[in-house]
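This report refers to the structure that appears directly beneath it.
Residue numbers begin at 1 in each chain, while the letters A, B, ... track the order of the sequences.
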Protein chains: 2
Amino acid sequence: MPTIKDVSKLAGVSVATVSRYLNKNGYVSQQAADAIAEVIDKLNYKPNNIARSLAGMKTATIALMVPDILNPFFPEVARATEDAANAYDYTLILCNTDNNPEKEQKYIETLIHKQVDGIIISSYTIKPEQLEHLQKRKIPVILMDNHLSGSSIVSLMSNNFNGGKLATEHLQNQGCRKIAHICGPIHITSSRERTNGYEVIAKQLDSFTPSLIAYSDFTVKGGYRAMQELIQKHPDLDGVFASNDLMAAGAIKALQEANLSVPTDVKVIGFDGIQMEMMSPEISTVAQPIYEIGKTAVDTLVKLINGDPIETYTQTFEVELQVKQSTSIQSK
Amino acid sequence: MPTIKDVSKLAGVSVATVSRYLNKNGYVSQQAADAIAEVIDKLNYKPNNIARSLAGMKTATIALMVPDILNPFFPEVARATEDAANAYDYTLILCNTDNNPEKEQKYIETLIHKQVDGIIISSYTIKPEQLEHLQKRKIPVILMDNHLSGSSIVSLMSNNFNGGKLATEHLQNQGCRKIAHICGPIHITSSRERTNGYEVIAKQLDSFTPSLIAYSDFTVKGGYRAMQELIQKHPDLDGVFASNDLMAAGAIKALQEANLSVPTDVKVIGFDGIQMEMMSPEISTVAQPIYEIGKTAVDTLVKLINGDPIETYTQTFEVELQVKQSTSIQSK
DNA sequence: ATGAAAGCGCTAACAA
DNA sequence: TTGTTAGCGCTTTCAT
């Protein structure tokens, strides 16, 4: 493979000039530039990333830490992030943390040593100390779908509170009078906010009672079990807001097994807006602009990497109600 | 961050000795080793990967090319691969090719320049020339779920033919007399094999006719449309083998909309064994050992990277019939 | 068994 | 505007 030296020789200039040309900093005469361009083209020369990195430059690599790519929410995040990274000619390293602090710590160490240019974290168990560790190493970080109060870390979140309200209101508008809620892990900020949104609306209904809220864990199975519990306690419920789509799917399964028809007997709405077209009925949801969030995460990260100023450290994205079969009003 | 120089000074030896110690090649006296170990520990020294790579060593990075991580089959592949890579202290770069030859080509160029140690390709449009390009650059490659005949590339595949037979036989055993098939893209080897398996069994039935095979594309929507077509042509069919789980899900949706009950009226089986617990009924499938394939891919890739001999260039993995609700025999 | 020194390909002072 | 040169941190001959 040709090196910068080969280029400089053939172009009749010094390596420094080629380097300046490559990095578009410093002065390079038109004449030299032309000569260099021609040689580069002829040799099909590409700068060696590794050498560049060693000489103190960037690695053109960023990392994405997710709990588990098997959870259907995260492929969407990964795809959005990878696409955006790609547009900047960055390469994306994928890390599954399983929300395991030790794995997280190990990945962080590895990423520091690989000198990744930045990290996007979409893992819920990350600790402030770990972020400080990264800050000390001057590695920019973006938090997705999470927020650590008090820290000066950029964090991107959907308007979960509003989404919770939206979902609950929608059920109400579709004629539901007794609306239950399957909430996600309470230690996750975004999850809590969705539940807060639900409560604000649901408490306006006479039917409200705290036992209408079932605590679960963002999984299909969890949603399934929570729904069984709710049916037991409140056989007359007619609407369910699950804090994510997976739990909504689990809930529908439990309802169908209990011979309750969705949406005729009970209407169900989820949250996230992940691809679940295989479901029947298709699930209404409050969709997060995942793709946009992913893109913004990368855009912002790149700014941080380049030392450009960023406008705001906390960004909130609006969510969108998507009405599908699971909450539609049936014509008899 | 401490460098090898710091270590050598504190340990009272030369950098060469430390390097030898680190790489466990060449001679190092016990005495020197002890001293070095102690200093490394005290300084929490970690070799700089980038410098190592520049000096001609490996990058400890491998890449995984998939069509699209949004297709639920590939997160499973990605997870298996990442876990296995991690166990070797390799880092995994994720690439979404969209089965787009230009994107593929661009990624390959990038990966060569990043000097990844190896590449696992699970993308169907890859061309022999591209693989040769990589071989020329001495970058080991493994093909997953794909095979290019005539080339000396390691390829790992499930026993798709057997799986196709297994699925069709199972439907037969469950009492199906007229078994339709939704097949995947015919240019994909593994897809073709599944269909071959179906044909061998289905042709033994009197009911067989070529129009029982509908051509589709591995997507939910494709399976849905194919099923609608099949219902039209063969209202009396009582079993369907779809070449992947997504199409099976689409088929079930179409059947339900046509007021045909699954499994009572029509039994449906898919292929792949991806996580679809949210479905109701849950889908019977022929499961590929995806995790094992991913692990084997990395194991083999690492051997190639290290120049170790490998036993066989083509490996076939057995599949497993998983019976769920969608093909169960209903007690009345 | 060990160390000195020459790279690996590139960037960035600094001098010209 | 350009070239010379000293690193970046590590590996690896080649002497010793």
Derivation of the side-chain contact (heavy atoms from CB on, under 4.5 Å) call for A/N306 and A/L304: CA-CA 5 Å; A/N306 295 334; A/L304 287 173; over 6 Å; no

Rounded distance (Å) that lies between atom C1' of C/dG9 and atom CG of A/L43: 15 Å

NZ (A/K5) with more than 12 external heavy atoms under 6.0 Å: no

Atom-pair distance (CD1 on A/I50; C1' on C/dC8), nearest Å: 10 Å

Side-chain N,O (B/N48) to OP1/OP2 (D/dC8) below 4.0 Å: no

Side-chain N,O (B/Y45) to OP1/OP2 (D/dC10) below 4.0 Å: yes

A/I62 side chain reached by A/L301 side chain, heavy atoms, under 4.5 Å: yes

Phosphate contact (C/dT2 OP1 or OP2) by B/R20 side-chain N/O below 4.0 Å: no

N or O in side chain of B/S29 less than 4.0 angstrom from C/dA1 OP1/OP2: no

A/S19, nearest nucleotide to its side chain (from D/dT12, C/dT11, D/dC8): C/dT11

Touch class at under 4.0 angstrom, heavy-atom based, for B/V18 against every strand present: nothing

Side chain of B/N23 - closest among C/dT11, D/dT11, D/dT1: D/dT11

Phosphate contact (D/dG3 OP1 or OP2) by A/T17 side-chain N/O below 4.0 Å: yes

Of the listed nucleotides D/dT11, D/dG7, D/dT1, the one nearest the side chain of A/Y27: D/dT1

Rounded interatomic separation in angstrom, taking CD from A/Q31 and P from D/dT2: 8 Å

d(CG, A/L22; P, C/dA12) in whole Å: 11 Å

Side chains of B/V141 and B/I120 in contact at under 4.5 Å (non-hydrogen atoms): no

Atom-pair distance (NZ on B/K5; C1' on D/dA6), nearest Å: 11 Å

Sugar-phosphate only, base, or nothing, as touched by A/T3 at under 4.0 Å among non-hydrogen atoms: sugar-phosphate

Nearest listed nucleotide, side chain of B/V28, among C/dT2, C/dA12, C/dT11: C/dT2

Whole-Å distance separating the CZ atom of B/R52 from the P atom of D/dT12: 10 Å

Separation of atom CD1 in A/I4 from atom C1' in D/dT5, rounded to whole Å: 14 Å

Flag side-chain contact, heavy atom, 4.5 Å: B/M1 against B/K46: no

Most 5' of B/G26 and B/A51 on DNA chain C, judged by nearest nucleotide: B/G26

A/L54 side-chain proximity, nearest of C/dA4, D/dC8, D/dT5: D/dC8

Per A/N25 side chain, nearest of listed nucleotides C/dA12, D/dC10, D/dT12: C/dA12

Partner of A/Y124 under side chain to side chain contact (heavy atoms under 4.5 Å, CB included), chosen from A/L143, A/T97, A/I188, A/T189: A/I188

Separation of C/dT11 C1' from A/K58 NZ (nearest whole Å): 13 Å

